[in-house]
There are 2 protein chains.
Amino acid sequence: MTSRKPVSIVEEPSLEEAVRTIEQSLSMNKMLIIVGECSVDYMGRASSKLKLGERFVIIKEDGSILVHRPKNYSPVNWHPAESHFEVQILKDKLLIKAFHRRFREVLKVFFRSVYLILVLDIVDKGEFTLYASEEDMQKAVLAHPEIIEKGFVPISYEKKVEPGFIDIYGIDSSNRLVVIEIKKKTAGRAAVLQLAKYLETIRGNSSRKVRGIIAAPALAKGVQQLLLTLDIEYKSLHPKKCAEILGQKNKTTLLDKYIP
Amino acid sequence: MTSRKPVSIVEEPSLEEAVRTIEQSLSMNKMLIIVGECSVDYMGRASSKLKLGERFVIIKEDGSILVHRPKNYSPVNWHPAESHFEVQILKDKLLIKAFHRRFREVLKVFFRSVYLILVLDIVDKGEFTLYASEEDMQKAVLAHPEIIEKGFVPISYEKKVEPGFIDIYGIDSSNRLVVIEIKKKTAGRAAVLQLAKYLETIRGNSSRKVRGIIAAPALAKGVQQLLLTLDIEYKSLHPKKCAEILGQKNKTTLLDKYIP
DNA sequence: TGCTAAATCTCGAAC
DNA sequence: GTTCGAGGTTTAGCA
């Protein structure tokens, strides 16, 4: 048994060698980075021509292709995933054709010379979280309760209540109990009904007035009426804003410290 | 004198070697592709965390940085141009910090191991034209003269006249001579004065009324007055529209032919 | 599947 | 430097 080789390098291949390498890698679903001198034609939703120059082309295992120049964040030409490829020699040039069926597009890269081909067999299962997770939103509220409302003071979080765990509970400026359910995305009926169950349990155990608040970036359609019926409030709370708030202590230490 | 080496490869460097290579390349304003096992933290307009995995990082000479996973067209993390970089070893990891001053952002890439570093010293002066080139615009006008005006009939193109070549000339519906100068981008004073010279030559050789038309997507500011003075007209002509006109015959032959 | 709206939008040009 | 507008925008959420 051979161990996986994450990086294979083909230096200064002839165009024929390059064709073989590229075809083989594509058939084995490996990623490619091809560096060389090329021109590019694109036609589809729009059309474009790029004259000869040195650049590199990335072909990913999901069938996306990108042509990158030495400048700019964005590729000069590309196809999103699901492209199909054809490689051939055509008049002393290596031609990579990428067809995108859904967009009815064709991208053609003509290599006059190939400096290097990288074949990457890399595995990436790393979890990616954007903005803030629901947990981070919770942290943001705990660290800065005023983002819910002035005078709110958290008492506990992840508190066990009959149907599950309450995200945050505390008291407001009038000493009323407040139960908060946090949602990262648009809050639907399910979220509201879950909070309603918590409230039912708590209201049954106490004679004090208990407020319920759904904190989410948005409210699903038709849920507004449900809130009125169940006597639950809605507070707009965006994960992005939470991230910024959490970051403020870091921002002074991180951003202001580091950015000249 | 040494000739430029477009591609340098550093395989399986130690983290210390990697730091040296990266710092050196950055200081010499060369492009970098770094393949390895890394995690990524981002904080700025939004924030994100990416756990350990195999991926590659591109750092371009304009200070843009991209972190690409094996899938997806778009990078998982990035900075647009104008980032500043710091490279260091931190707790058995290679840390690349990218600061973006304008956006007040920090991107941190922690490499646990580096498989390969590509240093690219590539030059790309190739012209990029989206939609249509000036030549295509000329073709579009020749194929469909009515996009200039109803009744216009081209007679010749690229005709030699004293200062250079006239893009297109022909006659209008009133049998007057028409000289057309085509520009792909906003027409400035230079373009108008060039056309004026052509007109001067032609008007000197003929007693007929000669019209001069600048065909371009836009007119630079202040040029309007110059047009009045020189008795030159302006016709809005967009390369995009020209491409669409030209593409009508190509779309069926190219796209339908190639895309399965 | 098609639309609507936001995006770490990017990017270039005008002010 | 900042703002404005277009883009093969892309991308995610909903009808």
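Heavy-atom basis, side chains included; hydrogens, waters and symmetry copies ignored. Convention: sequence-line order gives letters A, B, ...; per-chain numbering from 1.
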Separation of the [atom1] atoms in [N] and [M], to the nearest angstrom:
N: C:dC11; M: D:dT11; atom1: P; result: 15 Å
N: D:dG8; M: C:dA5; atom1: P; result: 22 Å
N: C:dT10; M: D:dA12; atom1: P; result: 16 Å

Check the orientation of A:Phe56 and A:His68. Use parallel for under 30°, tilted for 30 to 60°, and perpendicular for over 60°. parallel
Has the side chain of A:Lys60 got a donor or acceptor atom that lies under 3.5 Å from a matching backbone atom of B:Arg69? yes
Main-chain N/O of A:Ser74 paired with A:Asn72 side-chain donor or acceptor, under 3.5 Å: no
Euclidean distance, atom [atom1] of residue [X] to atom [atom2] of [N] [Å, nearest integer]:
X: B:Glu105; N: C:dC9; atom1: CD; atom2: P; answer: 8 Å
X: A:Asp62; N: D:dT11; atom1: CG; atom2: P; answer: 11 Å
X: B:Leu66; N: C:dC9; atom1: CG; atom2: C1'; answer: 14 Å
X: A:Phe99; N: D:dG8; atom1: CZ; atom2: C1'; answer: 18 Å
X: B:His238; N: D:dG7; atom1: NE2; atom2: C1'; answer: 15 Å
X: B:Ile65; N: C:dT10; atom1: CD1; atom2: P; answer: 14 Å
X: A:Phe103; N: D:dT9; atom1: CZ; atom2: P; answer: 9 Å
X: B:Phe128; N: D:dG7; atom1: CZ; atom2: C1'; answer: 11 Å

B:Lys240, nearest nucleotide to its side chain (from D:dG8, C:dC11, D:dG7): D:dG7
To the nearest 0.5 Å, tell me how far B:Asp167 CG sits from B:Met137 CE. 9.5 Å
What distance do A:Ser47 atom OG and B:Lys240 atom NZ have between them, rounded to the nearest 0.5 Å? 10.5 Å
Is there a salt bridge (Lys or Arg N to Asp or Glu O under 4.0 Å) between A:Arg45 and A:Glu105 once you walk through the steps? CA-CA 7 Å; A:Arg45 284 168 289 183; A:Glu105 299 195 303; 3.0 Å; yes
So, is [X] close to the [N] phosphate, meaning a side-chain N or O under 4.0 Å from OP1 or OP2?
X: B:Tyr131; N: D:dG7; value: yes
X: B:Arg102; N: C:dT8; value: no
X: B:Arg45; N: C:dC9; value: yes
X: A:Asn72; N: C:dG12; value: yes

By side chain to side chain contact (heavy atoms under 4.5 Å, CB included), which residues pair with B:Pro217, not counting sequence neighbours? B:His238, B:Pro239
Taking atom types as they are modelled, would you say the side chain of B:Asn77 forms a donor-acceptor pair with the base of C:dT8 within the 3.5 Å cutoff? yes
Identify the pairs formed between an N or O of the protein and an N or O of nucleotides 13-15 of chain C at a distance under 3.5 Å, and give each distance.
from, atom 1, to, atom 2, distance (Å)
C:dC15, OP1, B:Lys221, NZ, 2.8

Could you tell me whether B:Ser74 contacts a base, only the sugar-phosphate backbone, or nothing, with contacts defined as non-hydrogen atoms closer than 4.0 Å? sugar-phosphate
Report which part of the nucleic acid B:His79 touches: base, sugar-phosphate, or nothing (heavy-atom distance under 4.0 Å, all strands). nothing
Would you say the base of C:dT10 stacks on A:Tyr73 (centre-to-centre below 5.5 Å, plane angle below 30°)? no
Going by centres under 5.5 angstrom and planes under 30 degrees, do the aromatic ring of B:Trp78 and the base ring of C:dT8 stack? yes
With nearest nucleotide decided by heavy atoms, which residue, B:Pro75 or A:Pro75, maps closer to the 5′ end of DNA chain C? B:Pro75
Passing option when B:Ile34 is tested against B:Ile58, B:Leu118, B:Ile96 for side-chain contact (heavy atoms from CB on, under 4.5 Å): B:Ile96
